[in-house]
Number of protein chains: 2
Amino acid sequence: MTTKIQRTQRRVGALSKQRIVEAAIEILDADGESALTFRALAARLATGSGAIYWHVADKHELFAAATDHLIARVTSKAARGAEPRQAIRALAVGVFDAIDAHPWVGGQLSRDPWQYAVLRILEGVGEHIQALGVPEHAQFNAATALLSFILGLAGQYAAGARLFARATDRTAFLGAVAAQWAQLDPAQHPFVRQVAKQLPGHDDREQFLAGIDLILVGIETVR
Amino acid sequence: MTTKIQRTQRRVGALSKQRIVEAAIEILDADGESALTFRALAARLATGSGAIYWHVADKHELFAAATDHLIARVTSKAARGAEPRQAIRALAVGVFDAIDAHPWVGGQLSRDPWQYAVLRILEGVGEHIQALGVPEHAQFNAATALLSFILGLAGQYAAGARLFARATDRTAFLGAVAAQWAQLDPAQHPFVRQVAKQLPGHDDREQFLAGIDLILVGIETVR
DNA sequence: ACCTGAACACCGTTCAAGT
DNA sequence: ACCTGAACACCGTTCAAGT
């Protein structure tokens with residue numbers, strides 16, 4: 001009877017890669033990148049840390065699987081048959097929102113650009129680039145330009161979240177950075193001092209989309 | 001006398017932040033990001049690992065200082081008074097070459113976009129954006145678009161170098177990735193399969209500059 | 001086949017003790 | 001003021017032993 005009560009604390013089903021990945025995502029969402037350790041994961045799954053290695057090769061694969069789980073949702077939801085320009089914007093916003101909701105995804109995307117999740121994004125971007133009528137010889141450069149921009153922002157966003165764990169601190173964080181920028185030597189950093197004013201109030205998503213649009217204009221002009 | 005011989009093995013001058021950063025760069029260049037530990041650094045400087053902390057706050061500051069040391073050379077060398085479009089290209093190529101010569105710089109730039117080295121790049125890009133005649137309200141978005149693209153590529157480049165430590169393996173690495181891409185499901189990944197052919201033979205620097213040019217065209221068109 | 005958890009080989013960082 | 005190096009509190013990963 002008392003053993004029955006203890007049972008409640010133990011995992012019900014068998015371990016699987018999917019259950020491990022889901023638990024990893026829960027830890028990452030709750031406490032950030034640094035909280036995901038094999039010990040913490042094993043504790044949450046009520047198992048030994050070695051058991052995880054039966055289902056997942058190493059931490060790299062674990063991170064990649066967690067990222068792919070969320071990015072796959074974005075790329076598969078992408079509107080088929082939509083106007084290519086809008087489709088690219090929608091895909092980009094989808095990735096942005098995934099990073100916004102799970103900042104560690106941004107860190108993982110920029111840290112390992114050769115993982116499958118990034119390939120999904122490149123494929124989505126590329127297909128719409130083709131639909132845009134960009135000649136074949138220019139498609140690779142056009143798609144990777146968009147991809148690099150997305151990965152660059154992903155890294156920036158994740159770094160911000162890493163510095164201030166709570167999402168509510170984002171404004172305060174940007175305010176502190178802006179204050180630092182405003183104190184820089186005017187002779188050496190005129191531009192950064194000027195944009196410091198816009199930093200705390202700016203909308204990340206708007207700025208992201210503005211960048212996507214700039215690149216799209218470039219692609220369409222060159223085409 | 002025998003003690004005199006032992007003296008040869010010991011450091012000659014006093015420790016300083018500059019000497020520590022130089023030693024760190026040597027380790028990073030020789031054996032990559034993972035080789036830089038406080039123990040390895042202390043051994044190279046013939047001191048205790050704790051001594052380093054007297055001059056450097058932590059590993060984060062050490063990495064940032066090493067990166068800034070190399071990026072400062074690029075941004076200060078930037079041609080003053082040149083045509084803004086060419087100046088931006090020159091600055092971007094300078095950053096690319098620094099990453100190409102020291103792939104760990106790419107990793108560090110993308111990992112911590114709030115470090116001073118990144119601010120240097122943003123300042124350089126921004127000043128040329130101003131010179132380009134972009135209206136003030138559009139300057140911030142234009143400069144960060146270029147910056148995000150640069151940081152995105154920095155991360156990609158560093159990840160490639162991390163996977164294959166020897167620079168000579170780069171072609172082989174890209175060939176292996178291309179072979180993987182070619183085996184993907186044609187129905188799901190038509191675009192990636194198509195560009196796989198261009199991957200092993202493509203010139204990283206050309207592709208980088210093509211991306212910069214696309215964004216510049218976008219900026220000039222919107223202006 | 002799958003799980004357990006101690007053990008191994010590392011880390012970054014601290015700090016009492018030296019000079 | 002600056003340096004030493006053992007000690008601390010962690011890691012990811014392995015592996016003999018269990019079921």
Side-chain angles (χ1 to χ4, degrees), chain A residues 3 6-7 9-25 27-28 30-67 104 107-108 111-112 115 159 162-163 165, chain B residues 3 6-25 27-28 30-67 104 107-108 111-112 115 162-163 165:
Chain A
T3 53
Q6 286 181 340
R7 279 253 160 184
Q9 300 277 17
R10 308 177 69 102
R11 71 199 152 72
V12 201
L15 223 49
S16 68
K17 182 165 174 177
Q18 190 188 319
R19 287 197 61 228
I20 292 169
V21 169
E22 280 164 8
I25 291 174
I27 292 173
L28 287 163
D31 299 307
E33 295 179 46
S34 61
L36 182 63
T37 68
F38 277 81
R39 282 167 180 80
L41 194 53
R44 177 175 279 259
L45 293 163
T47 184
S49 60
I52 297 164
Y53 284 89
W54 185 265
H55 302 276
V56 171
D58 52 22
K59 193 164 185 182
H60 184 265
E61 188 190 315
L62 178 62
F63 252 118
T67 303
W104 55 269
Q108 172 62 18
R111 199 177 308 120
D112 178 13
Q115 67 190 304
R162 219 178 292 128
L163 289 173
Chain B
T3 53
Q6 287 180 340
R7 280 252 161 184
T8 317
Q9 300 277 18
R10 307 178 70 104
R11 70 201 153 72
V12 203
L15 223 47
S16 69
K17 182 165 175 179
Q18 189 186 320
R19 287 197 63 226
I20 291 168
V21 169
E22 280 165 9
I25 291 174
I27 291 173
L28 288 164
D31 299 307
E33 295 179 47
S34 62
L36 183 62
T37 68
F38 278 80
R39 282 166 179 80
L41 194 53
R44 177 176 278 259
L45 292 164
T47 184
S49 60
I52 297 165
Y53 284 90
W54 185 264
H55 301 276
V56 172
D58 52 22
K59 194 166 186 181
H60 183 264
E61 188 190 316
L62 179 61
F63 252 119
T67 303
W104 54 270
Q108 173 63 17
R111 199 177 308 121
D112 178 14
Q115 67 191 302
R162 219 178 292 127
L163 290 172

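Convention: sequence-line order gives letters A, B, ...; per-chain numbering from 1. Side chains are part of it too, since the values below use all heavy atoms of this structure and drop only hydrogens, waters and symmetry mates.
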Could you walk me through whether B:Thr67 and B:Asp112 pass side-chain contact (heavy atoms from CB on, under 4.5 Å), step by step? CA-CA 11 Å; B:Thr67 303; B:Asp112 178 14; over 6 Å; no
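With rounding to the nearest 0.5 Å, the separation of CZ in B:Arg111 from CZ in A:Arg162 is 8.5 Å.
With rounding to whole Å, A:Leu15 atom CG is found 9 Å from C:dC2 atom C1'. Summarising the geometry, the separation between CG on A:Leu45 and P on C:dC3 is reported as 10 Å, rounded to the nearest angstrom. The distance between atom CD of B:Glu33 and atom P of C:dC11, rounded to the nearest whole Å, is 15 Å.
Dashed line: the shortest gap from a side-chain N or O of B:Trp54 to OP1 or OP2 of D:dC3 is not under 4.0 Å.
The nearest pair of heavy atoms linking B:Ala42 to B:Gly48 is CB-C, 3.7 Å.
Pairing partner, C:dG18: D:dC2, with both Watson-Crick or wobble hydrogen-bond distances short of 3.5 Å. The partner of C:dC11 is absent, by the rule that a Watson-Crick or G-U pair needs both atom distances under 3.5 Å.
Within the 4.5 Å cutoff, the side chain of A:Gln108 has heavy atoms near those of the A:Gln115 side chain.
B:Phe38 and B:Tyr53 have parallel rings, their planes meeting at less than 30° on a 0 to 90° scale where 60° marks the start of perpendicular.
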So which protein N/O to nucleotides 12-19 of chain C N/O distances come out below 3.5 Å?
from   : atom 1 : to      : atom 2 : distance (Å)
C:dG12 : OP1    : B:Lys59 : NZ     : 2.5
C:dG12 : OP2    : B:Phe38 : N      : 3.2
C:dG12 : N7     : B:Arg39 : NH1    : 2.9
C:dG12 : O6     : B:Arg39 : NH2    : 2.9
C:dT13 : OP2    : B:Tyr53 : OH     : 3.0
C:dT13 : OP2    : B:Lys59 : N      : 3.0
C:dT13 : O5'    : B:Tyr53 : OH     : 3.3

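Around atom CD of A:Gln18, no more than 12 heavy atoms belonging to other residues, nucleotides or ligands sit under 6.0 Å away.
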